[in-house]
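One structure is given below, encoded as structure tokens.
Heads up: numbering here begins at 1 and tracks the sequence. All values below come from the heavy atoms of this structure, side chains included, with hydrogens, waters and symmetry mates left out. None of these values were measured; they are calculated from a predicted model. When a ligand or atom number is given, it counts from 1 through the structure's own listing order.
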Amino acid sequence: MSANPQLPVRRLLVIDDNAAIHGDFRKILTPTSATDALDSAKAAFLGAPAAPKRPARGSFSLDAALQGREGVELAAAAVRAGAPYLVAFVDMRMPPGLDGVQTIHELWRVDPELQVVICTAYSDQALDKLADELGRSDQLLILKKPFDPAEVYQLAEALSRKRLAQQAAAMKLDELERLVRERTAEIEHAMLHDKLTGLPNRTQVLTRLEACMQRRPRADQAFAVLFIDLDGFKLVNDSLGHEVGDLLLIEVAGRLRNSLRASDLVAYSTMPARLGGDEFIVLLEDLRQGRDSARVAERLLRALAEPYEIAGNRLLLSASVGVTTSERTYERPIDMIRDADTAMYRAKAAGRGRYVLFDQAMHEEVMRRLSLETALRHAVSQDELYVAYQPIINLAAGELAGFEALVRWNHPKYGSVPANELVSVAEETGLIQQLTDNVLRAAAGQLARWQAAYNRGRELVVSVNLSPRLLLDPETVNRIVGTIREIGIAPKSMAFEITETMVLSDRGCSRSAFDALQQTGIWVHLDDFGTGYSSLSCLYRWPFSGLKIDREFVREACARREHSIVLRAIVDIARAFGLRVIAEGVETTEQHELLKELRVEYGQGYLYGKPCSAAEAESLLMDMPTLCHA
Ligand code: C2E
Ligand code: CA
Ligand code: CA
């Protein structure tokens with residue numbers, strides 16, 4: 001057998017009061033010099049390695065002791081050094097001190113796995129008794145004196161390999177267990193943490209919150225949820241790129257963590273599927289009273305408002321925070337987070353960079369919203385919504401030019417629900433498509449009847465509002481065209497009003513849907529021009545056929561004469577683009593006069609008529625053209 005490179009040097013121990021025996025063992029097991037050549041040859045014949053100068057890997061190294069005590073000490077030291085003996089040969093006939101049996105017991109005490117070979121001249125009977133006394137038959141073998149060198153070698157070989165195999169198995173098992181533990185921990189971590197920031201995720205917040213809710217609430221103990229959303233984060237992402245955005249989120253995560261106690265939970269709440277999310281949740285567990293959460297919110301706002309140095313960019317950012325506390329009674333964690341979220345939106349609406357505490361009024365609104373959702377679903381499917389018509393006037397001719405169709409709904413409990421709210425609920429619940437279909441069908445059908453009954457009906461244009469979201473669906477335009485054809489209305493008798501929003505992006509379906517809508521010959525008007533989002537650049541990028549100037553803009557232009565210059569400029573630009581201009585929200589004769597002076601073509605507003613029923617609209621049609629104040 002040659003030196004095995006996989007095997008370590010195998011350490012053996014001999015305990016015998018006869019030093020000559022030590023030498024014999026050495027010769028058999030560790031042949032190292034030329035004088036041992038003969039013995040080496042014998043060993044080689046038996047399969048032992050040729051004599052190396054230093055112990056080669058896989059060969060034996062031997063320590064020897066004259067007394068039991070000394071042997072036990074060597075064994076203990078070997079264990080401490082992390083290189084225990086594999087096999088100990090122990091002579092049974094020992095001088096005063098530890099006898100053979102005691103020595104073996106002691107050896108097993110310091111090294112419980114040690115393989116032991118008893119070297120003895122005892123009779124078989126005495127040996128049986130001895131073996132019984134020692135136990136551990138799997139760690140014990142007997143070598144009868146006088147012994148055969150080959151037998152010694154084979155015992156050392158077999159037993160040391162046995163112990164090495166046991167060690168390897170134990171190590172493998174340990175290793176396997178460690179790997180399983182590590183993998184489990186990794187998976188658990190991934191399930192409960194956000195990859196980017198390393199913060200706990202929403203799932204963990206829900207679990208911790210659940211535990212908070214189940215604990216018996218004490219009078220002097222409260223908890224709170226803070227919902228944090230960065231202001232203007234999208235701008236950073238869009239202008240500096242996602243990498244900078246990601247670094248910023250990591251920095252924000254760090255600041256939040258550093259501004260809180262270790263027992264507070266800071267989590268990244270954005271759903272994994274959503275890119276570029278910037279929402280964090282903080283759970284404050286050990287508050288004396290709910291009100292204390294306000295101080296924490298202020299502290300967090302200050303920490304987040306400090307300038308950021310990200311990849312060579314100096315950034316200033318604020319955050320909006322919504323807070324709700326256990327002083328309200330919550331049954332489900334998700335409700336508490338929803339309320340904090342609602343309060344956060346209030347903070348944004350109130351001007352950002354601040355916190356807002358969720359209150360009763362907000363609660364009632366949330367409840368109203370929830371009940372509206374259910375009721376609206378029913379109303380839309382039962383076609384309980386109806387359409388109001390608001391006249392649009394040709395200002396120069398002083399004639400009725402058409403109507404804007406506006407959706408109306410009488411809720412059994414809340415009465416008439418404002419169209420804005422109704423539409424936003426419909427958009428959120430996916431009911432907007434059916435709602436729009438219903439309004440379009442009603443308005444186009446009404447127009448078809450008017451056109452059949454009145455000569456002037458042919459010149460009317462009826463406008464329907466189109467949620468920009470619907471342009472994300474490639475089928476929308478086909479559906480619209482189908483409905484209008486089915487009802488038998490010429491495309492030029494219909495207009496769609498679209499408000500510029502984020503949804504009108506150059507990418508994706510909205511662009512091709514917009515172009516398809518244009519090509520049908522239906523008028524497409526940009527609604528609410530002059531408010532928040534809308535900009536002149538929108539007119540360059542999107543081929544609208546008309547422009548509706550928002551009522552705020554009309555009011556301003558009339559109230560402050562210098563603002564009329566802006567209005568005039570816009571009308572000129574629109575004309576240069578070949579767009580129709582319709583002024584909204586005309587309430588006074590001064591406004592009417594100014595618009596005429598600026599040669600705005602169309603006007604709509606309470607001055608000419610409020611949104612009214614189809615029957616009232618029809619009487620306007622009959623009275624035309626005496627209707628207006630031209
Ligand atoms: P909008 O498209 O800007 O509609 C004009 C709104 O201004 C209407 O409010 C109308 O009643 C109101 N209004 C008209 N003249 C005057 C005036 O002289 N003074 C004042 N103060 N207000 C005036 P309404 O009916 O509450 O509709 C609100 C919004 O809801 C609409 O704004 C429109 O964006 C949306 N909407 C209404 N119906 C529909 C619809 O069928 N589909 C969609 N997607 N949105 C709709
Ligand atoms: Ca409109
Ligand atoms: Ca409008």
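Residue contacts with ligand 1: Gln604 is placed with no nitrogen or oxygen under 3.5 Å of a nitrogen or oxygen of the ligand (distance criterion only). Close N/O approach between Val423 and ligand 1 is not found [any backbone or side-chain N/O within under 3.5 Å].
Residue Pro418 places no heavy atom under 4.0 Å from ligand 1. Ligand 1 has at least one atom lying under 4.0 Å from a heavy atom of Glu404. The closest approach between any non-hydrogen atom of Glu584 and ligand 1 is below 4.0 Å.
Per-residue contacts place Arg408 under 4.0 angstrom from the following atoms of ligand 1 (heavy atoms of the residue considered): 11 (O), 25 (O). Under a 4.0 Å criterion applied to the non-hydrogen atoms of Asp528, ligand 1 contributes the atoms 3 (O). Shown in contact with Val439 at under 4.0 Å from a heavy atom are these atoms of ligand 1, numbered in order with element: 41 (O). Using a 4.0 Å cut-off to heavy atoms of Gly605, the atoms of ligand 1 that qualify are 15 (N), 18 (O).
Residue side and main chain included, Glu497 places no N/O/S atom under 3.0 Å of the Ca ion (ligand 3). In summary, Glu404 places an N/O/S atom under 3.0 Å from the Ca ion (ligand 2), meeting the contact criterion. Taking backbone and side-chain atoms together, Asn465 has an N/O/S atom less than 3.0 Å away from the Ca ion (ligand 2). Counting backbone and side-chain atoms alike, Glu584 contributes no N/O/S atom closer than 3.0 Å to the Ca ion (ligand 2).
When heavy-atom distances to ligand 1 are checked against a 4.0 Å cut-off, Pro611 comes that close only through its side chain, counted from C-beta outward. Here Asp527 has side-chain heavy atoms under 4.0 Å from ligand 1, and that is the only part of it that gets that close. At a heavy-atom distance under 4.0 Å, no atom of Lys548 approaches ligand 1.
At least one side-chain heavy atom of Glu618 sits under 4.5 Å from a side-chain heavy atom of Tyr454.
Between Trp450 and Phe403, the ring planes lie tilted relative to each other; the angle falls in the 30° to 60° range.
Summarising the contacts of atom 40 (C) of ligand 1 with Asn465, Thr436, Val417, Ile498, the nearest heavy atom is found in Asn465.
Taking atom 32 (O) of ligand 1 as the reference point, the nearest protein heavy-atom neighbour is Asn420 OD1, 4.4 Å. Of the protein's non-hydrogen atoms, the one nearest atom 12 (C) of ligand 1 is Arg551 NH1, 3.9 Å.
A cation-pi contact links Arg255 to Tyr308, judged by a cut-off of 6.0 Å to the six-membered ring centre and 45° from its axis.
Of the N and O atoms on the side chains of Asp194 and Thr197, at least one donor lies less than 3.5 Å from an acceptor on the other residue. A donor-acceptor contact closer than 3.5 angstrom links the side chains of Tyr330 and Thr324.
Classification of Arg441 and Glu486 as a salt-bridged pair holds, one side-chain N sitting under 4.0 Å from a carboxylate O. A salt bridge is absent between Lys596 and Glu593; no separation between the charged side-chain nitrogens and carboxylate oxygens falls under 4.0 Å. Using a 4.0 Å cut-off between charged side-chain N and carboxylate O, Glu365 and Arg346 make a salt bridge.
Atom 30 (O) of ligand 1 is flagged as protein-proximal [any protein heavy atom, distance under 4.0 Å].
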